[in-house]
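This one's a predicted model, so the numbers in the text were calculated from it and none came from an experiment.
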Amino acid sequence: MSSSNPPKDFDLNTSFLLWLNQQEHKQNNEEWMLDAFLFFLIKFSRHERIRLDNHYFLHQRFWKGMEDSLKYKLMSRRKKPKDIVLYQFMENVALVEGWIRKEETYAVVTEHGRKFLSLSRKNQWNRILGYIWPDP
């Protein structure tokens with residue numbers, strides 16, 4: 001697991017950056033996003049398989065469980081997980097890093113994902129931050 005920057009072809013959604021700026025005063029923990037990623041991967045590793053929806057995105061029930069535990073209120077009747085920039089970002093990073101793998105109707109955590117969970121918190125956080133603020 002290197003500490004290099006994300007692949008050059010990784011698309012960071014501008015809407016995500018705008019949303020992220022809005023979260024600055026809402027979160028009382030600087031590493032709230034790392035906590036979300038860790039929750040995401042730990043939940044994956046406990047369930048083994050996570051069902052995909054019709055859009056080949058992680059099923060709404062998976063995200064709903066995360067929202068309930070982390071006290072997020074991002075989803076609604078109209079706003080599905082595929083429309084939420086944080087969830088798009090998390091899923092994309094996990095796929096690019098190889099922490100999860102999608103199969104036909106479900107996704108699984110990989111050995112690479114389990115190794116990420118065993119890294120120090122600082123290394124985990126730096127890896128994720130590299131996707132938001134890559135080195136030049």
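- Relative orientation of the W99 and F37 rings is perpendicular, given thresholds of 30° and 60° on the angle between their planes.
- For E104, the salt bridge (charged side-chain N to carboxylate O under 4.0 Å, His left out) criterion is met by no residue, not counting sequence neighbours.
- Closest non-hydrogen pair, A36 versus M90, comes out as O-CE, 3.3 Å.
- Side-chain contact between Q124 and L34 is present, with at least one heavy-atom pair separated by less than 4.5 Å.
- Checked against salt bridge (charged side-chain N to carboxylate O under 4.0 Å, His left out), E67 has no partners two or more places apart in sequence or in another chain.
- A pairwise comparison of heavy atoms in M75 and P81 identifies SD-CG, 3.4 Å as the closest pair.
- In this structure, Y106 OH and R51 CZ are separated by 14.0 Å, a value rounded to the nearest 0.5 Å.
- Listed by chain and number, the residues in a salt bridge (charged side-chain N to carboxylate O under 4.0 Å, His left out) with R114 are E48 (sequence neighbours excluded).
- With sequence neighbours excluded, the residues that form a salt bridge (charged side-chain N to carboxylate O under 4.0 Å, His left out) with R101 are E103.
- Residues satisfying the side chain to side chain donor-acceptor pair (under 3.5 Å) criterion with N54, sequence neighbours excluded, are absent altogether.
- Nearest heavy-atom pair, F89 versus M33, reported as atom, atom and distance to 0.1 Å: CE2-SD, 3.6 Å.
- With rounding to the nearest 0.5 angstrom, the OH atom of Y87 is 11.5 Å from the CG atom of L58.
- Between the H55 side chain and the F57 main chain, no donor and acceptor come within less than 3.5 Å of each other.
- For the atom pair CZ (R127) and NZ (K122), the distance works out to 15.5 Å, reported to the nearest 0.5 Å.
- Every side chain to side chain donor-acceptor pair (under 3.5 Å) that S120 has, sequence neighbours left out, goes to N123.
- Here the CG atom belonging to L119 is positioned 10.0 Å from the NZ atom belonging to K115, to the nearest 0.5 angstrom.
- Within the structure, salt bridge (charged side-chain N to carboxylate O under 4.0 Å, His left out) contacts touching residues 79-95 (residues at least two apart or in different chains) are E91-K102.
- Going from atom NE2 of H112 over to atom CG of L117 covers 11.5 Å, rounded to the nearest 0.5 Å.
- T105 is linked by a side chain to side chain donor-acceptor pair (under 3.5 Å) to nothing, counting only residues two or more places apart in sequence or in another chain.
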Compile the donor-acceptor pairs under 3.5 Å between side chains in residues 39-47 and protein atoms, sequence neighbours left out, one pair per line.
| unit_1 | atom_1 | unit_2 | atom_2 | d |
| --- | --- | --- | --- | --- |
| K43 | NZ | F62 | O | 3.0 |
| S45 | OG | L41 | O | 3.3 |
| S45 | OG | I42 | O | 2.9 |

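- For D35 and R121, the salt-bridge test passes: some basic side-chain N is under 4.0 Å from an acidic carboxylate O.
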